[in-house]
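In what follows, a structure is listed as structure tokens, so that the remarks can point back to it.
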Number of protein chains: 2
Amino acid sequence: MRISQLSAASGVPIPTIKYYLREGLLPAGEQTAATRAEYGEPHLRRLRLIRALLEVGRLPVASIGQIIAAVEDEDTPVHEMLGTAHYALASPVDAGPDDREHQAALTRVDELIGDMGWSIAPEAPTRDELAQVLVRLDQLGMPAGDDGLRQYADLMMRLVSELEMHKIPFDGPRETAVESLVIGTVLYGRAFDVLRRLAQESESARILGGR
Amino acid sequence: MRISQLSAASGVPIPTIKYYLREGLLPAGEQTAATRAEYGEPHLRRLRLIRALLEVGRLPVASIGQIIAAVEDEDTPVHEMLGTAHYALASPVDAGPDDREHQAALTRVDELIGDMGWSIAPEAPTRDELAQVLVRLDQLGMPAGDDGLRQYADLMMRLVSELEMHKIPFDGPRETAVESLVIGTVLYGRAFDVLRRLAQESESARILGGR
DNA sequence: CGATCTGGATACCCTCACTATCCAGCCCGG
DNA sequence: CCGGGCTGGATAGTGAGGGTATCCAGATCG
């Protein structure tokens, strides 16, 4: 498959494919001559992954690059690779250790994590993300109570362990495991979000009697 | 409160506040002289809302503008206003009616909506968002089965109607209702997403025995 | 009465994700 | 065996989005 065919098959313009090659998101094709290279099925699959993470997951190209680098470095142990991929999915929070509100919220987050019996790395950026949301909810006068938070956490825990996690082939090839994890996290994450908004629309129509 | 105090209280730089004023996100202060205006508590609150939607919700400034315009137009009936706000939360999907895969997925979405007994406006962009996710999952070789989708939808429905919706003061002042809805949708939406990722990290640590 | 602040207008900047242009080398049909 | 069109690689440009910076004349505080 030459680049034009890869482009046609994936719907991604050639200049964009070249850009992804430059950024290291897509491995180079097999060189057959100085100005000729051959691409295959893995390239097409990779391209679809990139576009899904970009367009559905709204991940920055740089984060996608980190995920892909973790996948391709054979020396990284699997659980570490999953961590890298997972953390690249987080969106950065700019709150330093001098932000008192943030630190207080972080304490609540850690209490929640303890109560749930979760094993979360202390450097997980996810903790800061949750703390940020708690701070904003407080500031907006809709504070999240500890009880509600625990109910939600419980629900998510069951959802993840009962419906999602067992779909991931941890014992298969390493590349497959991360891809599944990332796709699961990002795409199912959006699916939930959309389903939640649909449920909200339907409920508010019911309550208000609006069409 | 003068602009510098508003800036100090909110943590938003003065030029940025001026930018929000220009964009119509923030109503002008009360003019007390040609070069003097007074801002109050509502301005601070509005500013916090804007920053929460921007930084946590990642909404474009233009969408925030639409939401605010809907709130401030007293002539719009409440259920319509809620719809406008809700649709501004959706992220645009570029798939025309000539995209066969998308149309097929849309049919599945409508079946789901029918089965759930939901009332969703036919022009809801949310339908396209869900269809897009289904298409991508198919392309990536991890298709979402109808059963799983229904399970998820069921879960979201219960979550929304039992835990969330009754917190919204539909009978209070119109502004409060939309604000609550929007804050609930965006901030709780992110809270779920983060809780889900925390649960995933914990589960994958457990399964892989990684620290 | 002068340093500082204010609202308003205009112009500028930075990041991000592309896109466009060039170039010389290659391949394929005639 | 030759010419048009594609190829990989390099470099430069673009457009949207979300701010920043600069100027200005009028207002106010100490």
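Chain letters run A, B, ... following the sequence lines, proteins first, then strands; residues in each count from 1. Small disclaimer: the values here were computed from a predicted structure and weren't measured.
- Note on B:Leu21: nothing from the nucleic acid sits closer than 4.0 angstrom, heavy atoms only.
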Pair B:Tyr20-B:Arg51, side-chain contact (heavy atoms from CB on, under 4.5 Å): steps then yes or no: CA-CA 11 Å; B:Tyr20 294 156; B:Arg51 297 302 277 198; 2.7 Å; yes

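- What separates CD1 of A:Ile14 from P of D:dG5 is a distance of 15 Å, to the nearest Å.
- Along DNA chain D, the nucleotide closest to A:Arg2 and the one closest to B:Thr32 are compared, and the more 5′ of them pairs with A:Arg2.
- Computed from coordinates, the B:Leu26 CG to C:dG8 P distance equals 12 Å when rounded to whole Å.
- In this pair, A:Tyr39 and A:His43 present their aromatic rings perpendicular. The plane angle is above 60°, beyond the 30 to 60° band.
- Rounded to an integer number of Å, the gap from CZ of A:Arg36 to P of D:dG9 is 12 Å.
- Straight-line distance from the CG atom of A:Leu6 to the C1' atom of D:dT7: 13 Å, rounded to whole Å.
- Of the candidate nucleotides D:dG18, C:dG25, C:dT6, C:dT6 has the atom lying nearest to any side-chain atom of B:Ser4.
- Among the nucleotides D:dT7, D:dG19, C:dA17, the one closest to any side-chain atom of B:Arg51 is D:dG19.
- Side-chain proximity of B:Pro60 to C:dC26, D:dA27, D:dG18: nearest is D:dG18.
- Whole-Å rounding puts the B:Glu23 CD to D:dG19 P distance at 10 Å.
- Under the 3.5 Å distance criterion, with hydrogens and angles disregarded, a donor-acceptor pair is assigned to the side chains of B:Ser91 and B:Glu129.
- The distance from atom CG of A:Asp94 to atom P of D:dG18 is 16 Å, rounded to the nearest whole Å.
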A:Leu112 and B:Leu195: CA distance, side-chain angles, deciding distance, side-chain contact (heavy atoms from CB on, under 4.5 Å) verdict: CA-CA 10 Å; A:Leu112 174 69; B:Leu195 284 173; 3.8 Å; yes

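- Checking C:dA17, D:dG8, C:dG8 against every side-chain atom of B:Gln31, the shortest atom distance belongs to C:dG8.
- Rounded to whole Å, the distance from CG on B:Leu59 to P on D:dG19 is 12 Å.
- The two residues B:Gly57 and B:Val186 come nearest to each other via the heavy atoms CA-CG1, 3.4 Å.
- The CD1-C1' distance, from A:Ile64 to C:dA17, rounds to 11 Å in whole Å.
- Rounded to the nearest 0.5 angstrom, A:Glu164 CD and A:Phe192 CZ are separated by 4.5 Å.
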Worked verdict on A:His79 versus A:Phe170 for side-chain contact (heavy atoms from CB on, under 4.5 Å): CA-CA 10 Å; A:His79 73 268; A:Phe170 285 110; over 6 Å; no

Detail all sub-3.5 Å separations between protein N/O atoms and N/O atoms belonging to nucleotides 20-23 of chain D.
residue	atom	partner	partner atom	Å
D:dT20	OP2	B:Thr16	OG1	2.9
D:dT20	O4	B:Arg22	NH2	3.0

